[in-house]
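Each chain gets a letter, A, B and so on, in the order its sequence line appears, and its residues count up from 1.
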Amino acid sequence: MVQPASELHGSADVAARIERRWGFAMLGIVSVLVAITIFMGLSTAMMPPSRVETIDPTTLHVSGEFAEANLGSVYEPDGSVTVHVIGQQYSFTPQCIVVPAETPVTFRVTSADVIHGMLVTGTNINAMVEPGFIATFKTSFDAPGDHLMPCHEFCGTGHEGMWANVRVVDKNAFTRLTSHARRATCDL
Amino acid sequence: MIYNKRLVLAHFWLAFAVFGAAILLGEWQMFIRSPLHGWLRNADLYYRSVTAHGTVMGYVFPTLVAMGFGYAFSELALRQPLIGTRWAWAGFYLIIVGTLGAAIPVGLGLDSVLYTFYPPMVGHASYYIGVVLVVVGSWIWVALMGVNLYAWKRAHRGAPVPLAMFATVAGAYLWAWTAVGAALELLFQLIPVALGWSSSINAGLARVLFSWTLHAIVYFWLMPAYIAFYTIVPRAIGGRLYSDTMARISFALFLVFAMPIGIHHLFADPQVGAGFKFLHSVFTAMVSVPTLLTVFTICASVEIASRLRGGKGAFGWVKALPWDNPQMLALALSFVMLGFGGAGGLINMSYQLNSTIHNTQWVTAHFHLIFAGAIVIMYFAIAYDLWPHLTGRAMGSLRLIRTQLWLWFIGMIVLTFPWHYAGLLGMPRRMAFYDYTAPGGDTEALTVIMSVVGGAILVVSAAIFLTVLWRNHRAPQIAPEPYTFSKPVHEPANLPWALNGLGLWVGLMIALTLTNYGFPIAQLMRLHEAQVPAVYVGGKP
């Protein structure tokens with residue numbers, strides 16, 4: 001079928017125009033998604049761990065904030081709670097973390113050997129735990145309850161056995177726990 | 001015609017043979033960690049298997065498919081015998097040596113570090129060197145693709161480069177640059193430690209370097225599938241390619257945007273600041289654009305085929321499509337899986353939503369749906385399309401081929417949908433077994449059992465695939481019609497410079513990678529306190 005040249009150009013233009021429209025529509029959708037991300041980041045401060053802080057994994061146990069006596073949860077002067085956790089093949093220390101509900105909680109987590117990961121089931125808490133770096137993130141728990149906290153990054157042949165627990169208690173119970181000890185873990 | 005049939009067949013057969021072995025490992029893994037049995041409690045065997053499955057499926061299988069496909073398509077598109085056949089064979093043998101060098105220590109349990117390596121865990125040097133040899137073998141292919149296109153351009157000054165070759169070379173250059181990240185990690189961090197020359201590693205830096213490779217490698221896997229969408233499917237079903245220009249723009253955009261986005265794998269990592277995480281999130285959103293363009297162009301192309309066959313109405317034309325044609329079926333099933341997988345991908349790249357599913361079974365589900373689903377089903381379609389031209393023999397039962405494609409689709413859905421759900425429940429990936437007695441463990445047990453069933457369906461499908469190809473070698477000889485590519489509705493007479501070569505896009509790819517990766521890498525290299533002791537797996541060297 002032979003088409004006159006003018007008609008050929010016409011259909012090519014139509015095809016190009018339709019495709020351009022589709023292209024712009026898709027760019028629009030992508031822009032909306034990015035805009036939502038920016039808005040949520042700014043309005044509710046939903047941010048991933050964002051500080052690059054280093055620490056020597058070979059001296060964690062000797063001194064500093066990750067020495068054994070400092071692990072677990074503690075009230076800060078401003079009423080928030082800080083939790084220090086170490087991951088190592090194949091357990092977390094402390095093995096059970098106790099935190100108050102409806103309180104700002106800051107996690108500071110690092111690894112003593114290889115790369116680990118932690119997530120608290122039923123929440124959005126999810127971080128990589130890497131030797132040499134401290135993962136810091138802020139969160140708060142809505143209600144008392146028990147959560148599992150598995151290691152989610154392959155860390156050796158015992159990886160599947162590396163689980164901890166997070167126990168969320170109400171504020172008063174937590175205050176009682178910390179009234180006679182500086183740090184709180186479920187063992188107390 | 002294909003001049004070097006044996007070269008192409010050697011690549012494809014080796015690819016599908018290792019694929020057949022690795023899929024058995026995958027199904028075995030699903031079975032032994034399910035609650036269906038209680039006799040094997042050896043986690044070490046499980047992680048050996050995961051390492052082998054991932055290494056083969058991630059590095060060896062797709063690389064060999066891309067290489068064989070590239071050699072065939074460069075000869076078919078440029079209508080000239082491959083330049084550098086001896087080099088091509090050398091690359092092939094390097095891959096064999098590399099695969100064996102990597103597989104043996106993995107089998108012995110000296111390298112259970114998974115295919116993502118995980119420093120500061122360090123395995124036997126032979127594994128890492130084997131992986132490097134596989135990559136070097138594939139770089140020979142990259143160079144040959146460039147050389148062949150260059151020779152053709154010199155002989156055909158000003159002529160439009162055939163779309164099939166434009167896309168093949170785009171895929172080759174993407175791979176060459178993508179592999180650099182993991183190569184740097186292997187050569188400068190892992191191999192020296194594995195050989196005992198050094199004993200510490202910056203694990204955070206290693207992860208950033210690996211992320212350089214880790215995402216763009218998926219687009220390297222994806223290239224043959226997309227080339228098939230554009231240049232095989234419309235022709236095979238009797239349609240026209242809706243737009244040649246849009247095809248070139250899509251491949252060029254893949255080249256530019258596939259690279260500078262890998263840090264979205266590190267959203268939960270402590271060694272990268274929020275700024276670069278955000279930047280990579282935005283660029284990840286951008287890389288969905290070429291796929292969205294492709295979906296439009298290919299749907300329009302098959303609509304043309306339907307209308308030429310008498311398809312009518314706004315939606316009625318879908319019915320008139322040649323559904324009994326394996327290429328049509330493969331395309332449709334691939335698009336459905338791409339749709340689900342792509343939606344999951346948009347969730348993964350979302351800066352905040354990612355924290356719900358990072359490193360859970362959701363991620364396993366997502367990349368199996370995209371790679372093993374949408375992409376590998378097109379590898380099958382490519383093999384079915386090329387095989388008669390490689391063997392000079394008729395393709396057997398189309399019904400068996402359709403059954404195979406359907407089983408692959410059903411198996412993939414049954415495998416991955418429960419995985420997505422398990423991920424939302426917080427089930428971590430890469431676990432030899434789970435504690436099904438933990439709270440909620442029974443729900444997770446059910447999802448794992450469903451995935452075992454899905455995996456079994458996939459094994460059957462893969463066996464049928466290999467059978468069909470094998471049978472073809474014994475089928476009656478035919479003289480296949482000359483191989484053709486899809487004709488665009490409007491044949492490009494003269495293309496703008498930017499769409500007739502890859503110079504501009506390769507430049508943009510490198511520049512964007514350096515902007516998006518340069519600072520984090522430079523910053524991490526300066527952090528000497530982040531050098532941590534290596535942890536040897538399977539004994540010190």
Where does [X] contact chain A at under 4.5 Å (heavy atoms): side chain, backbone, both or neither?
| X | answer |
| --- | --- |
| B:Phe276 | neither |
| B:Val113 | backbone |
| B:Arg48 | neither |
| B:Leu346 | side chain |
| B:Thr356 | both |
| B:Leu292 | both |
| B:Leu266 | neither |

For [X], is it the side chain, the backbone, both or neither that has a heavy atom under 4.5 Å from a heavy atom of chain B?
| X | result |
| --- | --- |
| A:Ile134 | backbone |
| A:Ile29 | neither |
| A:Pro57 | side chain |
| A:Val114 | both |

Among [options], single out the residue with the greatest number of heavy-atom pairs under 4.5 Å to chain B.
| options | result |
| --- | --- |
| A:Ile36, A:Val109, A:Ile18, A:Val129 | A:Ile18 |
| A:Ala16, A:Gly132, A:Pro131 | A:Pro131 |
| A:Thr58, A:Ile115, A:Thr121 | A:Ile115 |

Side chain to side chain, B:Asp111 and B:Val537, heavy atoms closer than 4.5 Å: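 No; the side chains remain at least 4.5 Å from each other.
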Lys/Arg-Asp/Glu bridge criterion (N-O < 4.0 Å) met for [X], [Y]:
| X | Y | value |
| --- | --- | --- |
| A:Glu153 | B:Arg207 | yes |
| B:Arg307 | B:Glu303 | yes |
| A:Lys171 | A:Glu102 | no |
| A:Arg17 | A:Asp13 | no |

Residue, of B:Ile357, B:Val289, B:Leu527, that accumulates the most heavy atom pairs under 4.5 Å with chain A: B:Leu527
Most chain A-contacting option - heavy-atom pairs closer than 4.5 Å, from B:Met246, B:Gln271, B:Glu529, B:Arg430: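 Answer, by heavy-atom pair count under 4.5 Å with chain A: B:Gln271.
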Plane angle bin for [Y] and [X] - parallel if under 30°, tilted between 30 and 60°, otherwise perpendicular:
| X | Y | value |
| --- | --- | --- |
| B:Phe283 | B:Phe257 | tilted |
| B:Tyr118 | A:Phe154 | tilted |
| A:Trp22 | B:Phe296 | parallel |

Between OG1 on residue B:Thr360 and CE on residue B:Met427, distance to nearest 0.5 Å: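 It comes to 10.5 Å.
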Short side-chain donor-acceptor distance under 3.5 Å, A:Glu76 and A:Thr82: yes
